[in-house]
> 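Got a structure here, written out as C-alpha cells. Questions coming.
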Amino acid sequence: MQTMAIDQGRPAAEFARAAAPAAPGRGLVLTGRAISGFVSVFLLLDGAARLVRFAPYVEGTVKFGYPEHLASPIGLVLLAATLLYVIPRTAVLGAILLTGYLGGATASHVRMEDPFFLFAATFGVLVWVGLYLREPRLRALIPLRA
C-alpha cells in the first residue's frame, strides 16, 4: 500500500522529492570546503600560537588592552570553537561561536582605531560563506533562490 500525500494525491516519496531543494553542484560544495578549510587552518594556527604564548601574539593581546595572562585562555577558546566548526555535526555551533570571537576581535581593533578590523570581519563572513556552501541543511534553511 502506498502512502499518499494529502494535498497532492501523489505518492509521499514523489512529493518529498518535488519539495526537496535541488542538489548543489559538486563545485559549490568543494568551494565551500576550500573556504572553510582555509579559514579553519588559519584560525587553528592562530589559536595554537596564542595557547603556547608565542611572543608576538602575547604582545598583541597586551597592545589591545587585555591582560597578558589571558593569551592562553583566548587561544583555547579559539581552538575549541574552530574544532567545533570543522566537525560537520557541530559546524553550525562552531560558526556561531567563531562569529562571537571574530566580532570581539573586530570590536577590539575598532576600539584601538586599527584599520585591520576588516581582516577579522572578513574572516567572520568567510566562516559563514564556507559553511553555507558546504552544508545542505543551512542552504535549505536560507535558500538564495525563490
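Just so we're clear, the structure is a prediction, and the values are computed from it rather than from any experiment.
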> Indicate yes or no for a side-chain donor-acceptor contact from R53 to the backbone of V58 under 3.5 Å, with no hydrogens or angles considered.
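Judged by distance alone, no pair lies under 3.5 Å.
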> Below 6.0 angstrom between ring centroids: does that apply to H109 and F119?
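Ring-ring flag for H109/F119: false, centres at least 6.0 Å apart.
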> Are the side chains of L44 and L83 in touch, meaning some heavy atoms are under 4.5 Å apart?
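L44 reaches L83 side chain to side chain.
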> Could you give me the CA-CA distance, side-chain angles and deciding distance for W128 and I96, then say whether side-chain contact (heavy atoms from CB on, under 4.5 Å) is met?
CA-CA 9 Å; W128 284 100; I96 292 167; 4.0 Å; yes
> Can you tell if the side chain of Y57 reaches within under 4.5 Å of the side chain of I74, non-hydrogen atoms only?
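With C-beta onward as the side chain, the pair stays apart.
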> Just so I know, are the side chains of T61 and E68 near enough to count as touching, which here means a heavy-atom distance under 4.5 Å?
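When only atoms from C-beta onward are counted, E68 and T61 do not touch, as no gap falls below 4.5 Å.
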> Measure the shortest side-chain to side-chain distance between S108 and Y66 over non-hydrogen atoms and say whether it is less than 4.5 angstrom.
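The answer is yes, as the side chains (C-beta and beyond) meet within the 4.5 Å cut-off.
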> Where the side chain of R50 meets the backbone of L70, is there a donor-acceptor pair that is under 3.5 Å apart?
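Such a contact is absent between R50 side chain and L70 backbone.
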> Does any non-hydrogen side-chain atom of I35 lie less than 4.5 Å from one of L133?
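When only atoms from C-beta onward are counted, I35 and L133 do touch, with a gap below 4.5 Å.
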> What do you reckon, are the aromatic ring centroids of Y101 and Y85 less than 6.0 Å apart?
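They do not qualify: ring centres at least 6.0 Å apart.
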> Do R33 and V29 make a side-chain contact, defined as non-hydrogen atoms from C-beta onward lying under 4.5 Å apart?
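In contact.
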> L97 versus V77: any side-chain heavy-atom pair under 4.5 Å?
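Result no, sub-4.5 Å side-chain heavy-atom pair not found.
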> Indicate the atoms forming the closest heavy-atom contact of R134 with V86, along with that distance.
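Of all heavy-atom pairs spanning R134 and V86, the closest is NH1-O, 4.4 Å.
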